[in-house]
Amino acid sequence: MTFAPKILNWYHEHQRDLPWRQTRDPYKVWLSEIILQQTRVAQGMPYYLRFVEAFPTVHDLANAPEEQVLKLWQGLGYYSRARNLHATAKTVVEDFDGKFPDTYKGLKSLKGVGDYTASAIASFCFDAPEPVVDGNVYRVLSRYFGIDIPINSTEGIKYFKELAREVMDSENIRDYNQGIMEFGAIQCAPKKPYCLLCPLQESCVALQENKVDQLPINLNKTKIRNRYFNYLVLLDDDGNTILEQRTGKGIWQNLYQFPLIESERMLQAKELRPLINENNTVPETESLSLYNNEPVVHKLSHQHLHTQFWILKTSDILKEGTPWEEIGGFPVPVLIADFIKTLKI
DNA sequence: AATACGGGGAT
DNA sequence: ATCCCAGTATT
């Protein structure tokens, strides 16, 4: 028995009962796939359930304000997924009469839908013979066939896609694609795979050559940038504060935060003072005090954010301010949400 | 061809 | 600490 039948047999024995596997509704499958990009099933599951509850159809999602979509997405990360999710829902409703494209090419044209996701939706919903290649598939194929081409090189991406196409089962593409990913997630895991009771052990090249723990090859040298954030938490006598929406290019686009002063290093109060006065959105303050003596270090994949929260009390009334009780309704980064939880006013 | 883009869980 | 997760878009 060759590769694909063994994967299918294993899948029929070991598959998890996941809600997006009980439907061929392209909307729900698409929603699950966007949520699961670079995200573990356990982390994405509650978000999927909340999104389906809040937006049962693509029309409901398209008609929602972006802020509500971002709020539901809060904590999941990679927020461009949420913005593209919303934009694509509008596209599907306005340009495609509420119906998702049913081909790889049509799906791939949607914002936030790349090679993997287009293949996944096309095969899961429409039985299109398109192989999925995600992190699980890279691992399974590189080990079973003993391929040491880096999976994140241009050559590797092309090579593994072609290999995946050669070994797939076109007649059972839905279960096969689900199966190889599930096999990678459960059986052929990154650390400590269960090779001793693996149905592919007799023909797995990596196992024969004792290279299981060296595959796949991933040339991933991300360098971390240190940044220094000073958040200005304004409080007036009426219990209002100031939140601003992030715009522009970098992290957390369209999410909210307190007024931010970024610096080249950690600052003392006397160094921060003049910088605050340059910032004309902030009124005269009666008191400035550092909330956290030790900077909070918030770690992103490419940045470490060394953060100080400064409490600024003012006797002015913050006209454009937000009542503190209402800030929970805004989509904010986890760094901000964690701080809000700790501060009692 | 590289890099940016989050957050959390497992080891 | 390090790895990596049902990747995509941009430079």
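Chain letters run A, B, ... following the sequence lines, proteins first and then strands; every chain starts at 1.
- A side-chain donor from one of A:Gln22 and A:Asp17 sits under 3.5 Å from a side-chain acceptor of the other.
- When the side-chain nitrogen and oxygen atoms of A:Trp252 are compared with OP1 and OP2 of B:dG7, one or more of them lie within a distance under 4.0 Å.
- Counting any heavy atom pair closer than 4.0 Å across all strands shown, A:Gly250 reaches sugar-phosphate atoms only and no base atom.
- Counted by atom type alone, A:Tyr116 and A:Gln37 present zero donor-acceptor pairs between their side chains at under 3.5 Å.
- Using a 4.0 Å cut-off, no side-chain N or O of A:His302 falls inside it from OP1 or OP2 of B:dC5.
- Screening A:Tyr228, A:Phe229, A:Tyr231 for a ring-ring contact (aromatic ring centres under 6.0 Å, His included) with A:His306, the sole residue that qualifies is A:Tyr228.
- When heavy atoms are screened at a 4.0 angstrom cut-off, A:Asp115 is found touching the sugar-phosphate backbone but no base atom.
- For the residue pair A:Ser203/A:Tyr144, the side-chain donor-acceptor check at 3.5 Å is satisfied.
- Under 4.0 angstrom from either OP1 or OP2 of C:dC4 there lies no side-chain N or O belonging to A:Tyr138.
- At the heavy-atom level, A:Trp30 lies nowhere under 4.0 Å from the strands shown.
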Problem set entry | Intermediate values then yes/no, salt bridge (charged side-chain N to carboxylate O under 4.0 Å, His left out), A:Glu182 and A:Arg21 | CA-CA 12 Å; A:Glu182 189 83 333; A:Arg21 287 186 178 154; 2.9 Å; yes
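- Comparing A:Arg16 and A:Val113 along DNA chain C, the residue whose closest nucleotide (by nearest heavy atom) sits nearer the 5' end is A:Arg16.
- For A:Ser301 against B:dG6, a side-chain N or O and a base N or O form a donor-acceptor pair under 3.5 Å.
- Taking 4.0 angstrom as the limit, A:Thr117 places a side-chain polar atom (N or O) nearer than this to OP1 or OP2 of C:dT8.
- Taking the nucleotide of DNA chain C with the nearest heavy atom to each of A:Lys249 and A:Pro190, the more 5' of the two is matched to A:Pro190.
- Nearer to the 5' terminus of DNA chain B, by closest-nucleotide assignment, is the contact made by A:Glu155 (compared with the other of A:Glu155 and A:Arg40).
- Across the protein-nucleic acid pair, A:Asn177 atom CG and C:dG7 atom P stand 13 Å apart, rounded to whole Å.
- One finds a side-chain N or O of A:Arg139 lying less than 4.0 angstrom from the OP1 or OP2 phosphate oxygen of C:dC5.
- Rounded to whole angstrom, the span from the CD atom of A:Gln303 across to the C1' atom of B:dG6 amounts to 10 Å.
- Here, C:dA6 and B:dA4 have their P atoms 24 Å apart, quoted to the whole Å.
- Atom CD of A:Gln37 and atom P of B:dG8 are 18 Å apart (whole Å).
- Phosphate contact (OP1/OP2 of C:dC5, side-chain N/O of A:Gln38, threshold under 4.0 Å): absent.
- A donor and an acceptor atom sit less than 3.5 Å apart, one in the side chain of A:Arg21 and one in the base of C:dA6.
- A distance of about 22 Å separates the P atoms of C:dT8 and B:dG8, rounded to the whole Å.
- Within 4.0 Å (heavy atoms only), A:Leu219 reaches no atom of the nucleic acid at all.
- Note: CD1 (A:Ile35) to C1' (C:dT8) measures 16 Å, nearest angstrom.
- Among C:dA6, B:dG7, C:dG7, the nucleotide with an atom closest to any side-chain atom of A:Leu300 is B:dG7.
- Distances from the side chain of A:Val334 to the nucleotides C:dA6, C:dA1, B:dG7 place B:dG7 closest.
- Contacts of A:Leu76 with the nucleic acid, taken as non-hydrogen atoms under 4.0 Å apart, include base atoms.
- At least one side-chain heavy atom of A:Asp148 sits under 4.5 Å from a side-chain heavy atom of A:Leu215.
- A:Asp213 places its CG atom 11 Å from the P atom of C:dC4, with the value rounded to the nearest Å.
- Two different hydrophobic clusters hold A:Val205 and A:Val140 under the rule that ILVMFWY side chains link at heavy-atom gaps under 4.5 Å.
- Map A:Val332 and A:Lys191 each onto its nearest nucleotide of DNA chain B; the residue landing nearer the 5' end is A:Val332.
- At the heavy-atom level, A:Ser80 lies nowhere under 4.0 Å from the strands shown.
- Nucleic acid contact for A:Val41: sugar-phosphate only, since backbone atoms but no base atoms lie under 4.0 Å from a heavy atom of the residue.
- With rounding to whole Å, A:Leu72 atom CG is found 16 Å from B:dG7 atom P.
- In this structure, a donor-acceptor pair under 3.5 Å is present between the side chains of A:Gln74 and A:Lys71.
- Contacts of A:Lys192 with the nucleic acid, taken as non-hydrogen atoms under 4.0 Å apart, are absent.
- A straight line from CZ of A:Arg81 to P of C:dC5 spans 14 Å, rounded to a whole angstrom.
- In this structure, the CD atom of A:Glu33 is 11 Å from the P atom of C:dA6, given to the nearest Å.
- Between A:Lys223 and B:dA2, a side-chain N or O to OP1/OP2 separation shorter than 4.0 Å is absent.
- A distance of about 13 Å separates the C1' atoms of B:dG6 and C:dC4, rounded to the whole Å.
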